[in-house]
Amino acid sequence: MAQSVKGMRDLFGAELRWFQHIEETARRVFGRHGYGEIRTPILEELDVFKRSVGESSDIVNKEMYEFTDKGGRQVVMRPENTAGVVRAAIQHKLLASSDPVLLYYIGQQFRYERMQTGRYRQFWQIGAESFGVASPESEAESLLMLHSFLKELGLKQMVFSINSVGTPESRPAFYEAFRAFFAERQDRFCSDCHRRIESNPLRVLDCKNESCQAALEGHPVITDYLDEASAKHHARLKALLTELAIPFEENPRLVRGLDYYTRTAFELLSSDLGAQSALLGGGRYDGLVKQLGGPEVPAFGWAIGLDRLAMVLQQVRGEAPHVAPALLIPLGERAATEAFKLARGLWDVGVAVQLETRGGALKKAMATANRTGVQTVLILGDGELDGGTITARHMATGEQESWPLSELAARLKPAAS
RNA sequence: GCGGCUGUAGCUCAGUUGGUUAGAGUACUGGAUUGUGAUUCCAGGUGUCGUGGGUUCGAGUCCCAUCAGCCGCCCCA
C-alpha cells in the first residue's frame, strides 16, 4: 500500500477541525491588533538560513531539506518562517519608512529530524513579527496578543518563561565568566556538557544529569551581565507584563536554539506534549534585518507549533467544536424532487443542510445520521408534502415535531450558526 | 545523528517450547421492522499476520534485512 513519506502526515477529520479553529482564531485576534498576513515561499535560497538562523545551529547543520534545483540553485525547504519574512520585507522595501510593520504568517515548515510524537518533518507554525520598534512596549503588545489568542482557544494556566540574553556586545562577558566557572570544575560535568560549553553554553544549565546540576551550584547568571540599557529594557517588560496580568516567570537559564536573538527571549512549555514540550518560542532579533542585507531595523517575534497546539487543545478540551448540519431525508421520488428545491432555498440563504440522495430505506439514512452526529433530521414524505410541512426529529431526545415548510429556514438557522 | 521498544480485522488487542482450516470485543453489511437512529435477536466479509529474504517437513511464532510508528537523547514548534 502506498503511504505518506516519513514524517509527513495527512490532516483530516477531528484533528483538522482543531487546525481550522486555531487558524480562524489567529486571523481574528491578530487582525484586530493590526497585524497583516504574509505568505512567503516554501523554498528559499540556502544563504537566507545560513545568514539568519546561524551556521552553528543544529537546524542549519543537520536538519534542512536542502537540494540543488534544475537550474543549479542551492535551495532549502524552509525550516522556519522568520528568515523568509525578513527576506520578503527587505526585498519589497516594506521597511523603508520608520513606520512599524506588523505581520503574521501561517504555514508549513520542514526539518529533517528523528520522528516522535509532536515532532514531524513537515509541521505547521503560526507566527507574528513586529518590525521597527525597539521598545519593551512593543514586546508587551505582541505578548498580550499571543496571550489573548491562546486564551480565546481555551488554554488556561499558561506561564511564559522569559529571559534576557543581552546583546552581541554584552554576551561575551557572560560566556567568559561562565566558561571560567565551568573550567574550574570541568571534571564534574558529563561529556554532553563539555560539548555544550563550546556550542551553546546555556544548555549546560538544563542538563538532566544530577551530578551536573550539583556542579552548577552558584553559577554566574546571564541577567547579571546585561549592559545598563538591556537591564532597563528587561525590567520595563517585566513591569508591563505584571501590569497586564500576563503570567510569567523569569528563567535565567532559558536559551534558544537560533542564533539571532537579542535581549528578550521567551517560550512556553506544555506538560501535555511528552518530551517535545516546547509549544512556542520567540524573542527580539534586532540584528537580523541588517544581517540579511536590509536597513538597521529592530524586530520582535514568535512562532507557535500548530501541530502541538492542536494536540494540547485535544488533550484539555477534547474534540474541536463542530456542529453537523441538519440532514434532509426525502421519501419517494416526488419528495426527492421537492427536497432539492427546499435544500437550494436553504443554501441560498446560508442555512447548512445535508441532502440525503441515496434513496432507499429511511432506517439506513437515520443510522447514518446517528453515526455522523447529526442533531436534527428532516423527514419529507408524501404526507408532509400534502400538508405543506416537514417532520423534524431531534436525535438526542427522539422528539419529533411538525414544522411548516415556510418556517424551515428560520427554525434551522439558530441551530446551525 | 545515537540508544531501546512495537507492528495480527477499519479500531482496541489475544495467539501456548514452531504444528495443520487464524481468534475476541467493537465497528461494518443484510434481515426480524419497505416512514424512524445508539438497545435486543439472527445471519454474515471481517485478514497480502508491516514488507522482502532465510532456517525448517512446516513460520503469526525463530534469524537477517528493510519500512513505518512509539519512547528516551540531541535539538526544537
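Numbered from 1 within each chain, the chains take letters A, B, ... in sequence-line order.
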Just to be sure I understand the rule, does [X] reach a base, reach only the sugar-phosphate, or reach nothing, if contact means heavy atoms closer than 4.0 Å?
X: A:Arg121; answer: nothing
X: A:Ala369; answer: nothing
X: A:Leu280; answer: sugar-phosphate
X: A:Arg111; answer: base
X: A:Gly398; answer: base

Nearest to the side chain of [X], heavy atoms from C-beta on, is which of [options]?
X: A:Met115; options: B:C74, B:G69, B:G37; result: B:G69
X: A:Lys363; options: B:A77, B:U29, B:A32; result: B:A32
X: A:Arg114; options: B:G72, B:A77, B:G30; result: B:G72
X: A:Glu384; options: B:G35, B:A77, B:C70; result: B:G35
X: A:Ala278; options: B:U36, B:A77, B:C75; result: B:A77
X: A:Gln125; options: B:C73, B:A77, B:G69; result: B:A77
X: A:Ile379; options: B:G69, B:G35, B:C74; result: B:G35
X: A:Gln3; options: B:G35, B:C70, B:C67; result: B:C67
X: A:Lys6; options: B:G69, B:A77, B:U36; result: B:G69
X: A:Met395; options: B:C73, B:C75, B:G37; result: B:G37

What interatomic distance, in whole Å, is found between [atom1] of [M] and the corresponding atom of [N]?
N: B:C67; M: B:U51; atom1: C1'; value: 7 Å
N: B:U12; M: B:U16; atom1: C1'; value: 22 Å
N: B:G60; M: B:G53; atom1: P; value: 14 Å
N: B:G18; M: B:U61; atom1: C1'; value: 6 Å
N: B:G72; M: B:G15; atom1: C1'; value: 30 Å
N: B:A22; M: B:U46; atom1: P; value: 11 Å
N: B:A27; M: B:A9; atom1: C1'; value: 10 Å
N: B:G47; M: B:U21; atom1: C1'; value: 14 Å

When you measure from the centre of the six-membered ring of [Y], is the NZ or CZ of [X] closer than 6.0 Å and no more than 45° off the axis?
X: A:Arg9; Y: A:Tyr120; result: yes
X: A:Arg185; Y: A:Phe181; result: yes
X: A:Arg284; Y: A:Tyr261; result: no
X: A:Arg179; Y: A:Tyr175; result: yes

task = Using the closest heavy atom to pick a nucleotide of RNA chain B for each, name whichever of A:Tyr112 or A:Ala396 lands nearer the 5' end.
result = A:Tyr112
task = Select from A:Glu63 and A:Gln400 the residue whose nearest nucleotide in RNA chain B is closer to the 5' end of that strand.
result =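 Closer to the 5' end of RNA chain B: A:Gln400.
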Rounded to the nearest angstrom, tell me the gap between atom [atom1] in [X] and atom [atom2] in [N].
X: A:Met366; N: B:U36; atom1: CE; atom2: P; result: 9 Å
X: A:Gln116; N: B:C5; atom1: CD; atom2: C1'; result: 13 Å
X: A:Glu267; N: B:A77; atom1: CD; atom2: C1'; result: 11 Å
X: A:Lys62; N: B:G1; atom1: NZ; atom2: P; result: 9 Å

inquiry  = Is any side-chain heavy atom of A:Glu267 closer than 4.5 Å to one of A:Leu254?
reply    =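 Yes, close enough: below the 4.5 Å cut-off.
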Any donor-acceptor pair under 3.5 Å joining the side chain of [X] to the base of [N]?
X: A:Arg371; N: B:G37; value: no
X: A:Arg119; N: B:A77; value: no
X: A:Glu113; N: B:A77; value: yes

Just to confirm, is there a sub-4.0 Å distance from OP1 or OP2 of [N] to any side-chain nitrogen or oxygen of [X]?
X: A:Thr117; N: B:C71; answer: yes
X: A:Arg393; N: B:G35; answer: no
X: A:Lys364; N: B:G30; answer: yes

Using both distances under 3.5 Å as the test, list the Watson-Crick or G-U wobble partner of [N], or none.
N: B:A43; result: B:U29
N: B:A24; result: B:U12
N: B:U55; result: none
N: B:C73; result: B:G1
N: B:G37; result: none
N: B:A68; result: B:U6

ask   = Would A:Phe248 and A:Phe160 count as a close aromatic pair, with their ring centres under 6.0 Å?
value =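 That pair fails the under 6.0 Å test.
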query = For the rings on A:His194 and A:Phe182, is their centre-to-centre separation under 6.0 Å?
reply = yes
query = Within the stacking criterion (centroid distance below 5.5 Å, interplanar angle below 30°), does A:Phe123 stack on B:A77?
reply = yes
ask   = Do the ring planes of A:Phe30 and A:Trp302 sit parallel (below 30°), tilted (30 to 60°) or perpendicular (above 60°)?
value =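 Perpendicular.
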NZ (A:Lys50) with more than 12 external heavy atoms under 6.0 Å =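 Open: at most 12 neighbouring heavy atoms sit under 6.0 Å from NZ of A:Lys50.
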